[in-house]
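All remarks here apply to the structure that follows.
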Amino acid sequence: MATMLIQGGRVIDPANQLDQLLNLVIEDGVIAEITTGIPRTDEVIMAQGMIVSPGLVDLHVALRDPGGEEDEGTASGTKAALAGGFTTIAALPDTNPVVDNRASAEFVILQAERAGYCRVVPLGAITRNHQGEELADLGQLAAGGAGGFTDANRAVQSAEIMRRALEYARMLNRPIFAVPQDATLSAGGLMHEGYYSTVLGLRGIPAAAEEIMVGRDIALAELTGGHVHLMNISTRNSVEELKRAKGMGIRVTADVTPHHLAITDASLVTYDTNLKVLPPLRSQEHVDALIEGLRDGTIDSISSDHRPFASEKKSREFDQVPFGVSSIETALAVVATVLVDGGLLDWPDLLRLLTVNPAKILGIDAGTLNIGRPADLALIDPAAHWIVDTRQFFSRGHNTPFQGKTLRSRVMKTIVGGEVRFSRQ
Amino acid sequence: MKSTWSRRHVLGLEDLSAAEITTILDEAARFKEMARHGEARHSLLKGVTICNLFFEPSTRTKTSFNLAARRLGADTVDFTAAASSLSKGETFIDTARNIEAMGVDHMVVRHSTSGTPFLLTKHLGTGVVNAGDGTHEHPTQGLLDLFTIREQRGRIEGLTVALVGDILHSRVARSNIWGLKKLGAKVIVCGPATLIPAEIRQLGVEVSYRLDEILEQTDVINLLRIQFERQRGAFFPSIYEYAQFYGMTSERIARAKSDVLILAPGPINRGVELTPDVADGPHSVILDQVTNGLFVRMATLYLMQLAREQALTST
């Protein structure tokens with residue numbers, strides 16, 4: 001029986017309110033014991049000064065396999081996830097072809113197993129080919145392993161289709177992941193509509209484009225009893241609406257990205273195409289509301305929303321480049337820098353947003369250090385300062401606004417099923 | 001005075017200080033004065049190559065830059081997107097870098113995407129002058145408007161200038177606002193609410209939705225073109241309705257200040273922004289603007305070349 005000891009780390013398990021200097025024992029790939037003692041094991045990893053966390057869980061990552069291999073692949077994307085401390089990621093279905101049938105969901109799982117890095121849960125499409133017109137094979141997608149359904153960046157515009165999707169997914173006990181965005185208000189938009197879009201002459205996307213759909217999707221969740229998960233919320237009123245809905249007991253959850261917490265629309269004065277994301281980076285008042293939403297529990301999770309692109313696709317005119325950031329390798333460090341270093345959240349609260357909460361939304365048994373569950377762990381050096389250098393990225397996408405920036409904290413080792421699959425030198 | 005100029009690029013009037021704007025205007029005035037005395041051609045930019053890199057249609061701006069460069073003795077190269085390798089899939093940055101590799105010193109860039117000249121400065125070693133980028137800025141148009149007003153009135157400070165029309169999509173409006181505010185004018189933007197971004201007040205301007213209410217207090221009215229090509233959706237009900245509320249007619253001129261100046265960046269839509277009798281009438285300085293554009297662009301290119309030479313000698 002293979003055994004491993006992770007010795008002397010600060011073990012943080014938000015699901016069990018655990019935050020102590022302890023030793024963690026792994027036997028045959030599962031967590032066997034968390035103890036003050038020092039049992040004899042086959043292998044020892046010294047973790048003094050490190051945080052020992054459950055492996056991070058990411059609710060939506062673009063792996064782009066198949067059809068976008070120049071931007072990312074399952075192997076490169078899942079290796080990048082490990083470098084970011086993620087042991088389970090949910091893969092967006094906006095591939096080519098779209099994951100809208102059972103075979104394609106099974107293909108995602110098969111590719112992840114072949115790659116052998118982190119665990120991957122496929123997300124299935126809500127509508128066939130993301131056209132927003134008829135439901136995809138939701139039942140068969142679920143049978144093929146889909147953990148939830150989403151049309152990725154293409155918000156379902158028809159309230160009727162969204163209603164039926166929520167009703168049907170409720171029956172399957174799966175969430176609908178929605179990007180709340182009214183397409184008529186956001187059409188042609190490139191950045192947040194406000195002072196900077198006015199000055200820069202870049203067409204704006206008003207906060208209302210999101211808020212209208214947040215209101216609609218919450219109303220539909222209430223109507224149907226389905227679970228709607230709002231991806232990448234970015235505005236003050238979205239947070240307020242979410243708080244109100246949760247207070248009424250409506251089944252709604254939400255996540256936010258690291259870049260929406262760290263950067264405002266003021267940064268776009270450089271016309272850096274790496275700042276072009278959907279929803280757009282908002283102004284400081286919205287960022288402040290998002291942080292408050294994380295602090296008071298209104299927002300459930302932080303997701304990287306990793307959307308890598310080959311450099312030639314981001315090196316064009318601002319209106320021609322696609323929306324997205326390669327973010328999975330910097331996600332933890334960005335939020336640790338902004339929130340923990342900024343004195344806004346402590347490590348257990350931050351890790352709750354990155355482990356047990358997203359796992360619950362996805363309905364999977366992950367994100368905890370419960371005895372007997374597979375040993376999926378991240379070892380984090382909270383004192384590390386490092387400079388982002390995209391040449392060191394495992395992702396094929398180097399499209400990050402954090403290039404050259406100094407960040408605090410770094411993932412040093414990532415363990416999946418008791419096996420060290422990533423170790424930083 | 002010239003030695004205080006250190007900018008290798010002219011990307012917008014937002015970046016320039018009042019002193020820098022005045023330097024360009026003074027330099028332009030000097031060129032105009034010399035032309036008046038028969039000294040229209042110079043050899044100040046002899047051996048310098050300037051490329052007009054136009055990714056968007058243009059008649060007057062391109063011709064004006066071309067003439068300005070030639071009057072200074074520079075060699076000029078013209079590039080038009082439609083007849084280029086862009087149609088074969090080459091990116092505009094690669095296109096620009098290839099042209100630079102042929103020995104170009106300055107690029108005059110027009111592009112339908114805001115920020116594109118800024119992006120080029122990150123990839124090129126040449127000087128870059130913005131000849132209009134999307135709905136962001138058109139600095140030399142702003143400068144020639146300032147020049148024309150200063151020439152006609154002897155000052156900018158203390159004047160009330162109205163920018164009328166499509167503020168939302170107008171790069172000319174933004175350059176005008178930055179320049180006029182920096183030189184001490186009061187600026188009123190006027191047009192239908194759908195074409196005036198709410199945040200424009202943060203630039204220090206007043207907003208009016210009724211031209212008739214501001215007519216009597218304005219010294220200068222700059223009639224911006226309705227940019228049908230940039231608009232999507234219904235910004236106003238009809239051209240007829242727009243002309244009724246915001247078109248400059250002789251009847252409105254009669255109610256304005258007796259010495260009101262009428263500017264228009266052109267190309268003008270006769271019968272929409274202004275009636276033909278106003279366009280060709282005594283208050284109109286539209287053709288003066290075109291003439292002055294030449295001298296403003298001469299000044300801009302000349303100062304950019306001075307900065308380039310200074311940078312080369314200091315390294």
Side-chain angles (χ1 to χ4, degrees), chain A residues 70 182-209 264-277 280-286 309-323 398-399 401 403-404, chain B residues 11-15 55-56 81 86 89-97 109 111-123 130 132-138 167-175 177-178 189 195-205 207 227 230-234:
Chain A
E70 68 277 21
D182 182 286
T184 58
L185 281 175
S186 63
L190 300 168
M191 66 175 292
H192 173 59
E193 182 175 303
Y195 171 77
Y196 287 101
S197 66
T198 302
V199 169
L200 296 172
L202 292 174
R203 185 170 285 168
I205 300 175
T264 67
D265 61 341
S267 300
L268 279 135
V269 294
T270 61
Y271 289 101
D272 180 357
T273 54
N274 291 315
L275 294 161
K276 185 177 168 185
V277 292
L281 301 170
R282 303 288 184 185
S283 58
Q284 190 65 52
E285 61 164 331
H286 294 292
F309 285 103
S311 59
E312 66 269 21
K313 292 186 183 169
K314 277 283 191 177
S315 305
R316 299 184 63 91
E317 298 91 319
F318 199 93
D319 59 351
Q320 290 188 22
V321 301
F323 293 92
H398 293 177
N399 47 306
Q403 166 68 15
Chain B
L11 304 179
L13 297 193
E14 183 189 4
D15 299 335
F55 295 90
E56 210 186 46
L86 288 172
E90 185 173 75
T91 70
F92 91 105
I93 292 171
D94 283 329
T95 299
R97 290 177 68 179
V109 183
H111 201 289
S112 59
T113 302
S114 301
T116 304
F118 184 87
L119 192 57
L120 281 185
T121 65
K122 304 289 167 208
H123 293 273
N130 180 2
D133 63 327
T135 54
H136 175 223
E137 282 222 46
H138 190 352
I167 309 298
L168 179 66
H169 298 98
S170 175
R171 52 197 178 206
V172 175
R174 284 162 182 75
S175 288
I177 290 168
W178 292 119
V189 295
L195 292 174
I196 298 184
E199 294 77 10
I200 202 82
R201 285 189 176 89
Q202 291 183 48
L203 274 64
V205 303
V207 172
Q227 308 211 13
R230 289 193 206 285
Q231 294 188 9
R232 69 183 165 90

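In what follows, every chain begins at residue 1, and chains take the letters A, B, ... in the order their sequences are listed.
In terms of heavy atoms, Leu202(A) sits closest to Thr135(B) at N-OG1, 4.3 Å. Across all non-hydrogen atoms, the minimal contact from Val269(A) to Phe118(B) is O-CZ, 4.4 Å. Taking both residues in full, the closest heavy atoms of Glu193(A) and Glu199(B) are given as O-OE2, 4.3 Å, listed atom of the first, atom of the second, then distance.
For the atom pair CG of Asp133(B) and OH of Tyr271(A), the computed distance is 5.5 Å after rounding to the nearest 0.5 Å. With rounding to the nearest 0.5 angstrom, the CZ atom of Arg316(A) is 8.5 Å from the CZ atom of Phe92(B). Going from atom CG of Asp94(B) over to atom CD of Glu312(A) covers 10.5 Å, rounded to the nearest 0.5 Å.
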* Kindly indicate, with the supporting measurements, whether the criterion side-chain contact (heavy atoms from CB on, under 4.5 Å) is fulfilled by Ser114(B) and Leu200(A). => CA-CA 7 Å; Ser114(B) 301; Leu200(A) 296 172; 5.9 Å; no
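Here the side chain of Arg174(B) pairs a donor or acceptor atom with the backbone of Thr198(A) at under 3.5 angstrom.
Residues satisfying the side-chain contact (heavy atoms from CB on, under 4.5 Å) test with Asn274(A), not counting sequence neighbours, are Asp272(A), Lys314(A), Asn399(A), Pro401(A). Listed by chain and residue number, Glu210(A) satisfy the salt bridge (Lys or Arg N to Asp or Glu O under 4.0 Å) test with Arg282(A) (two or more places apart in sequence, or in another chain).
Of the two parts of Thr270(A), the backbone and the side chain both hold a non-hydrogen atom closer than 4.5 Å to a non-hydrogen atom of chain B. Residue contact with chain A, scored on non-hydrogen atoms closer than 4.5 Å, involves the side chain of Glu14(B) exclusively. Interface residue Leu119(B): only side-chain heavy atoms are found under 4.5 Å from chain A.
At a threshold of 4.5 Å between non-hydrogen side-chain atoms, the residues Thr116(B) and Phe318(A) do not count as touching.
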